[in-house]
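Scroll down for the structure; my scribbles are underneath it.
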Amino acid sequence: MFPRTLLLLLSLILFKTTHAQLHLDYYRNSCPDVESIVRSAVQEKFQQTFVTAPATLRLFFHDCLVRGCDASVLLASRNNRAEKDNPENLSLAGDGFDTVIKAKAAVDNVQECRNKVSCADILVMATRDVIALTGGPSYAVELGRLDGRVSTKASVRHQIPHPDFKLEKLEAMFATHGLTLVDLIALSGAHTIGFSHCSRFSKRLYNFKSKTRIDPTLNPAYARELRGMCPEEVDSRIAISMDQTTPQTFDNVYYKNLERGRGLFTSDQTLFTHKRSRDIVRLFAFNSTAFEIAFVDAITKLGRIGVKTGNQGEIRGDCTIVN
Ligand code: HEM
Ligand SMILES: *[C@@H]1O[C@H](CO)[C@@H](O)[C@H](O)[C@H]1NC(C)=O
Ligand SMILES: CC(=O)N[C@H]1CO[C@H](CO)[C@@H](O)[C@@H]1O
């Protein structure tokens, strides 16, 4: 009898910690149309600028990695000491923040929804919507996260992966959040849209530790193209498309690029250089359905990191300020 009770208890605890209180229809009674309200606002913003898509997607990733998916990344501080003030935020283009703020305004504009939907959940929905808008898979999102009350510049340290990282380090970082090697490879596919500043990879073009100074895992023609777009003395504001083939489409071309030595960062190319991950890259390059299934699975897991419920959080009135 005893082991059975223990098992039941254990599974209850596990269930609680892995799924917190997330539900597909969390707002069914409080704000039944929340998903379509958010979708319209995101669509409108996307029509104004394409950057909406990559900016929102990356914002979501950064939010979840630091203190969990609790919209802490959106908080501003008077003395520039919030997460968003960390230098790693370079690409956290204002359009991602703006997307959430506009969607929140649209939700709160509906009487019954006012102050019922968290900024963290709006970011999750907006991310799903930008992926669909750029041609990626559509999927149901789990909801029910509360917004965190803390955001510090220091908490970003060691949480956001660096573009120079190789497989082992990336894998270890993702593993601390329960994300597997397949999750890492699938989520990296997000680099199929969006931009990077030249400084994030110029070392591979000019200062690599090899006789040629160029990273040997870079396709030579691609290295020449990149040198053309990113001269050594480049304007630091210049950003280039990470997927040069189909820069505005959420597809599996990212993996096809890796097969041809056309991964922009070391953290991208390492997925193909490494024997252990190469076959998964090959699978995703060959079979876009397999990629999409793995991506949806992984981004759902990403959305479960550090979810706050009960008295751990609140529903912010203004996404940039704690209530
Ligand atoms: C695996 C480790 C990862 C590393 C090292 C990494 C690093 C970077 C870097 C350095 C940039 C360019 C920033 C800039 O110069 O403006 C970037 C952009 C981007 N990243 Fe990642 N990233 C990783 C994973 C992810 C994941 C998991 C996602 C989302 C699921 C993601 C989504 C994006 C997007 C969409 C952009 C483009 C942002 C824009 O155009 O505004 N990245 N990433
Ligand atoms: C692609 O992957 C999907 C999902 O795993 C699978 O059902 C399908 O058979 C695969 N297609 C090919 C051509 O291998
Ligand atoms: C969007 C955003 O918050 N950008 C900030 C990123 O960090 C730099 C300083 O590191 C700030 O100047 C930006 O305003």
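Counting convention: from 1, in listed order, for ligands and their atoms alike. Start at 1 with the first residue, then count along the sequence.
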- Item | Partners meeting ring-ring contact (aromatic ring centres under 6.0 Å, His included) with Phe265 (sequence neighbours left out) | His191

- Classify the angle between the aromatic ring planes of Tyr26 and His23 as parallel (below 30°), tilted (30 to 60°) or perpendicular (above 60°). parallel

- Phe195 to ligand 1: N or O pair under 3.5 Å? yes

- Task: Measure across Leu22 and Gly303 and return the closest heavy-atom pair with its distance rounded to 0.1 Å.
- Result: CD1-O, 4.1 Å

- Note on the structure: On a heavy-atom basis, the closest approach of Gly263 and Leu218 is O-CD2, 4.0 Å

- Note on the structure: Per ring-ring contact (aromatic ring centres under 6.0 Å, His included), Tyr255 is matched among Phe272, Phe291, Phe286 by Phe291

- Task: May I ask whether Leu184 places a heavy atom under 4.0 Å from ligand 1?
- Result: yes

- Message: According to ring pair (Phe, Tyr, Trp, His ring centres under 6.0 Å), does anything in residues 302-323 pair up with another residue at least two apart or in another chain? List the pairs.
- Response: none

- Message: So if I count the atoms of ligand 1 from 1 in the order they appear, which ones are less than 4.0 Å from some heavy atom of Gly194?
- Response: 37 (C), 40 (O)

- Query: To which of Cys198, Ala190, Gly96, Gly94 does the heavy atom nearest atom 30 (C) of ligand 1 belong?
  - Reply: Ala190

- Task: Mark yes or no for whether Glu171, through its side chain, and Thr180, through its backbone, hold a donor-acceptor pair below 3.5 Å.
- Result: no

- Query: Non-hydrogen atoms of Ser188 versus ligand 1: any pair closer than 4.0 Å?
  - Reply: yes

- Item | From Pro161, Ser196, Pro247, Ser241 - option closest to atom 12 (C) of ligand 1 by heavy atom | Ser196

- Take every heavy atom of Phe165, measure it against each atom of ligand 1, and state whether any distance is under 4.0 Å. no

- Looking at Arg200, Met242, Arg58, His191, the heavy atom closest to atom 42 (N) of ligand 1 belongs to His191

- Query: If we only count N/O pairs under 3.5 Å, is Ser267 in contact with ligand 1?
  - Reply: no

- Query: For the residue pair Ala290 and Phe284, what are the closest heavy atoms and their distance?
  - Reply: O-CE2, 3.7 Å

- The salt bridge (Lys or Arg N to Asp or Glu O under 4.0 Å) partners of Arg282 (sequence neighbours excluded) come to Asp279

- Task: Answer whether the closest heavy-atom distance between the side chains of Gln244 and Met229 falls below 4.5 Å.
- Result: yes

- Have a look at ligand 1 and work out which part of Leu170, if any, has a heavy atom under 4.0 Å from it: side chain, backbone, both or neither. side chain

- Message: Can you tell me which portion of Phe60 lies within the under-4.0 Å heavy-atom range of ligand 1? Options are side chain, backbone, both, or neither.
- Response: neither

- Query: Among Asp63, Val38, Asp147, which residue meets the side chain to side chain contact (heavy atoms under 4.5 Å, CB included) test with Leu123?
  - Reply: Asp63

Short N or O separations between ligand 2 and the protein, below 3.5 Å:
from: ligand 2; atom 1: 2 (O); to: Asn287; atom 2: OD1; distance (Å): 3.3
from: ligand 2; atom 1: 2 (O); to: Asn287; atom 2: ND2; distance (Å): 2.4
from: ligand 2; atom 1: 11 (N); to: Asn287; atom 2: ND2; distance (Å): 2.8
from: ligand 2; atom 1: 14 (O); to: Asn287; atom 2: ND2; distance (Å): 3.4

- Item | Distance-only N or O hit between ligand 1 and His197, under 3.5 Å | yes

- Does Met173 have a heavy atom less than 4.0 Å from any atom of ligand 1? no

- Over 12 foreign heavy atoms within 6.0 Å of CZ, Arg28: no

